[in-house]
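Worksheet: the structure to be examined is printed underneath.
Just so it is clear, the values below take in all heavy atoms, side chains as well, and ignore hydrogens, waters and symmetry mates. Treat the numbers as computed from the prediction; the structure is a model and nothing was measured.
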Amino acid sequence: MPGPLFQIDRLTVEFPRRGSGLFQRGTIRAVDGVSFDVEPGEAVGIVGESGSGKSTVARAMIGLTRAASGRVLFDGHGVAGMGRAALRAFRRRVQMIFQDPGGSLNPRIRVGDAVAEPLIIHGLARGASASRMAGEAMERVGLPAALGVRYPHELSGGQKQRAVIARALTLSPGVLICDEPTSALDVSVQAQVLNLLADLRRAMNLTLVFVSHDLGVVRHVCDRVVVMHHGRIVERGACGEVFDSPREAYTKALVTAVPGMRP
């Protein structure tokens with residue numbers, strides 16, 4: 001039986017304090033000894049307040065943030081120790097969707113060219129072939145390929161997020177790590193993007209890691225949830241189990257703060 005796709009083992013991430021003076025020296029421990037696994041094909045939510053460390057964990061999983069100690073394993077291999085070729089292959093299999101779709105797109109590059117960019121960087125296609133494949137990826141996420149000639153500022157927030165998702169899908173990844181992908185969108189557009197992710201997960205057998213402060217969103221999208229507070233995991237389990245019968249006071253407080261959700 002295959003093992004976990006991701007293994008996060010006692011992960012600790014620290015950042016230097018900003019500023020100057022006696023009381024500004026040292027480091028801030030953003031993530032403190034976090035451990036959990038992600039199985040192939042499942043959707044795992046990471047929830048908590050702002051500053052809980054959830055986004056830092058996601059960035060460490062993809063190698064964008066360096067760990068002070070502990071390790072992140074993907075298919076049994078340490079992400080931090082990957083050589084150039086292994087890291088290139090890893091980034092084809094694991095893609096990340098960030099919170100701000102506008103900040104994820106270069107304002108000087110047409111949307112179609114931005115979606116095609118990963119294909120060119122990884123040597124999978126170029127020219128007309130790359131443009132065609134980018135158009136197909138846009139259509140897959142419900143974004144007309146004709147919008148590829150526009151610049152990001154000419155698209156709505158929901159359209160920009162769909163473009164970012166399309167760009168991530170051009171490499172046919174097995175894993176999407178989503179860092180608050182709907183928090184910058186209107187409520188009606190949030191629902192569209194969440195349903196899109198759920199449909200893509202089924203159609204492409206994707207593994208999802210979904211970071212959010214919105215427990216209702218995580219319950220809709222995920223199978224399991226990890227609850228973080230002050231850089232540590234305070235509770236974990238199946239979404240229904242954790243949200244219906246939370247054991248920790250912090251989790252209960254999060255659940256009761258969501259309209260319509262009561263433990």
Side-chain angles (χ1 to χ4, degrees), residues 46 50 54-56 58-65 87-88 90-201 203-204 206-214 217 221:
I46 307 176
S50 296
K54 57 189 187 297
S55 292
T56 303
R59 294 176 69 88
M61 289 176 68
I62 202 169
L64 294 178
T65 297
L87 188 60
R88 189 180 183 88
F90 168 73
R91 288 183 171 158
R92 280 187 59 178
R93 295 181 62 187
V94 183
Q95 286 286 300
M96 190 161 184
I97 299 170
F98 294 94
Q99 179 176 356
D100 178 15
S104 299
L105 297 169
N106 188 328
R108 298 179 181 177
I109 296 179
R110 295 181 190 272
V111 171
D113 293 336
V115 175
E117 193 173 30
L119 295 167
I120 297 169
I121 290 174
H122 285 268
L124 300 178
R126 60 180 60 253
S129 178
S131 298
R132 176 182 55 78
M133 293 172 70
E136 291 172 353
M138 292 172 65
E139 295 284 353
R140 187 186 303 168
V141 301
L143 194 64
L147 295 182
V149 299
R150 297 188 182 182
Y151 289 93
H153 73 273
E154 298 178 290
L155 270 57
S156 69
Q159 288 174 328
K160 282 187 278 193
Q161 192 62 288
R162 287 176 184 266
V164 170
I165 295 171
R167 182 174 62 182
L169 294 179
T170 55
L171 298 178
S172 299
V175 183
L176 284 184
I177 298 180
C178 306
D179 185 9
E180 300 272 14
T182 60
S183 64
L185 306 176
D186 294 336
V187 174
S188 60
V189 181
Q190 285 183 16
Q192 295 172 14
V193 172
L194 291 173
N195 289 332
L196 170 63
L197 288 171
D199 291 341
L200 290 170
R201 181 191 169 199
M204 301 177 66
L206 288 170
T207 300
L208 290 184
V209 177
F210 199 95
V211 176
S212 181
H213 66 278
D214 190 327
V217 166
V221 172

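Between the CG atom of D186 and the CD atom of Q192 there is a distance of 10.0 Å, given to the nearest 0.5 Å. Interatomic distance, SG of C178 versus CD of Q99, reported as 12.5 Å (0.5 Å rounding). Between atom CE of residue M138 and atom CE of residue M133 there is a gap of 14.5 Å, rounded to the nearest 0.5 Å. Interatomic distance, L176 CG to T207 OG1, rounded to the nearest 0.5 Å: 9.0 Å. Within the model, atoms OG of S104 and NZ of K160 stand 10.0 Å from one another, a figure rounded to the nearest 0.5 Å. Atom CG of residue L64 and atom OG1 of residue T56 lie 11.0 Å apart, to the nearest 0.5 angstrom.
Using a 4.5 Å cut-off on side-chain heavy atoms (C-beta onward), L155 and V111 make contact. Inter-residue side-chain proximity for H153 and P107 is flagged as unmet; no heavy-atom pair is nearer than 4.5 Å. Using a 4.5 Å heavy-atom threshold, the side chains of R59 and I177 count as separate. Counting heavy atoms from C-beta outward, D179 and F210 have side chains that stay 4.5 Å or more apart. Between E117 and I120 there is no side-chain heavy-atom pair separated by less than 4.5 Å. Using a 4.5 Å cut-off on side-chain heavy atoms (C-beta onward), V189 and Q161 make no contact. Using a 4.5 Å heavy-atom threshold, the side chains of I165 and V193 count as touching.
Salt bridge annotation for E136-R132: present, with a cationic side-chain nitrogen under 4.0 angstrom from a carboxylate oxygen.
Scanning all heavy atoms of the two residues, the minimum distance from R108 to Y151 falls at O-CE2, 3.5 Å. The two residues V149 and A146 make their nearest non-hydrogen contact at CG2-O, 3.4 Å. Summarising the geometry of R91 relative to I62, their closest heavy-atom pair is NH2-O, 4.1 Å, with the distance given to 0.1 Å. Residues A168 and I97 approach most closely at CB-CG1, 4.4 Å, considering heavy atoms. Shortest non-hydrogen contact noted between T170 and V115 is CG2-O, 3.4 Å. Nearest heavy-atom pair, R88 versus H122, reported as atom, atom and distance to 0.1 Å: NH2-CA, 3.3 Å.
Q159 contributes no side-chain N or O that, together with a main-chain N or O of L143, makes up a donor-acceptor pair within less than 3.5 Å. Judged purely by atom type and a 3.5 angstrom limit, E139 uses its side chain to pair as donor or acceptor with the backbone of A145. Judged purely by atom type and a 3.5 angstrom limit, E180 uses its side chain to pair as donor or acceptor with the backbone of H213.
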- Would you check, one step at a time, whether the test side-chain contact (heavy atoms from CB on, under 4.5 Å) holds for L197 with N195? CA-CA 5 Å; L197 288 171; N195 289 332; over 6 Å; no
- Task: Assess whether side-chain contact (heavy atoms from CB on, under 4.5 Å) is satisfied between Q95 and L171, documenting all intermediate values.
- Result: CA-CA 9 Å; Q95 286 286 300; L171 298 178; 3.6 Å; yes
- Task: May I have the step-by-step check of side-chain contact (heavy atoms from CB on, under 4.5 Å) for L206 and V175, ending in yes or no?
- Result: CA-CA 6 Å; L206 288 170; V175 183; over 6 Å; no
